[in-house]
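These notes are about the structure you will find just below.
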Amino acid sequence: MSCAAAFAPAQARPLAARPARRSVRVQAGWTSTGVKQSELASNGGKKVVELDGQRILLAEVDGAVKAVSNKCSHLGLPLVGKTAMFQADISNGCVTCPAHLTKFDLTTGQPVGEWCPKMPNLPLVGKLGDPKPLPVFQSRVSESGVIEVNV
């Protein structure tokens, strides 16, 4: 068999009737954090919870509860961790990564100001990554005062 014959297009065959494919749409759902809004004040206005395998930072800003990923979008380090070194600052509606000092808006997740001001601007590679927002989650407070997050 020649090379051309081996790669010749196959004869077109009529396709059997197939049932229409249905798309499956998965919607997120409200999940209780088990944390009351009143508990945030006693924790410096912030607390980390784990929901559906994700660590989520809850923060109170002007009486409203905000929920963002607890992983900095630069290198994936925790914003609030178990040590004093990883304790993000919450102020002016922003969370500041303790490792790189990047500020993120708690409502939109967008970086605010200079990207990674604590990191050197290296030749050819810059600050090791382009600015990326933090994932944000909708949050609400139930009638009983417990924070719920839409994950």
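Below, each value reflects all heavy atoms present in this structure, side chains not excepted, and no hydrogens, waters or symmetry copies. The first residue in the sequence is number 1, and the count goes up from there. Everything numeric in this text was worked out from a predicted model, so none of it was measured.
The side-chain heavy atoms of His100 and Leu75, taken from C-beta on, include a pair separated by under 4.5 Å. The side-chain heavy atoms of Gln37 and Glu60, taken from C-beta on, include a pair separated by under 4.5 Å. Residues Thr31 and Val149 form no side-chain contact, since every pair of their non-hydrogen atoms from C-beta on lies 4.5 Å or further apart. The shortest distance between side-chain heavy atoms of Ile90 and Leu106 falls below 4.5 Å.
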For side-chain contact (heavy atoms from CB on, under 4.5 Å), just list the numbers for Phe137 and Ile56, CA-CA rounded to whole Å, side-chain angles, deciding distance to a tenth of an Å, and then say yes or no. CA-CA 9 Å; Phe137 303 90; Ile56 297 173; 4.0 Å; yes
Please test Phe104 against Ser73 for side-chain contact (heavy atoms from CB on, under 4.5 Å), starting from the C-alpha separation and ending with a verdict. CA-CA 10 Å; Phe104 297 94; Ser73 61; 3.5 Å; yes
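Each of Leu101 and Leu57 belongs to its own hydrophobic cluster when Ile, Leu, Val, Met, Phe, Trp and Tyr are linked at side-chain heavy-atom distances under 4.5 angstrom. Clustering ILVMFWY residues whenever any of their side-chain heavy atoms sit less than 4.5 angstrom apart, transitively, puts Val61 in the very cluster that holds Val136. Residue Val65 is not grouped with residue Val146 when hydrophobic side chains (ILVMFWY) are merged at heavy-atom distances under 4.5 angstrom, including chains of intermediate members.
Judged purely by atom type and a 3.5 angstrom limit, Asn70 uses its side chain to pair as donor or acceptor with the backbone of Val80. Judged by distance alone, with hydrogens and angles left aside, the side-chain atoms of Gln54 form no donor-acceptor pair with the main-chain N or O of Glu50 at under 3.5 Å. Using modelled atom types, no side-chain atom of Gln87 and backbone atom of Ala84 make a donor-acceptor pair closer than 3.5 Å.
For the residue pair Lys66/Thr107, the side-chain donor-acceptor check at 3.5 Å is satisfied.
For residues 136-149, every residue pair satisfying the salt bridge (charged side-chain N to carboxylate O under 4.0 Å, His left out) rule, not counting sequence neighbours, is listed here: Arg140-Glu148.
Contact detail for Val95 and Ala88: the closest heavy-atom pair is CG2-CB, 3.5 Å. Across all non-hydrogen atoms, the minimal contact from Lys71 to Leu134 is O-CD2, 3.1 Å. Summarising the geometry of Phe86 relative to Pro78, their closest heavy-atom pair is CD2-O, 3.3 Å, with the distance given to 0.1 Å. Closest approach of Lys132 to Pro111, counting heavy atoms only: O-CG, 3.7 Å. Closest approach of Leu40 and Lys47 over heavy atoms only: CD2-CB, 3.7 Å. Looking at every heavy atom in both residues, Cys94 comes nearest to Val112 through SG-CG2, 4.0 Å.
Atoms OG and CG, on Ser139 and Asn150 in that order, are 9.5 Å from each other to the nearest 0.5 Å. Taking NZ of Lys103 as the reference point, atom SG of Cys97 lies at 12.5 Å (rounded to 0.5 Å). Rounding to the nearest 0.5 Å places OG of Ser69 at 7.0 Å from CG of Leu79.
Within 6.0 Å of atom CG in Asn43, more than 12 heavy atoms from other residues, nucleotides or ligands are found, so the atom counts as buried in its surroundings.
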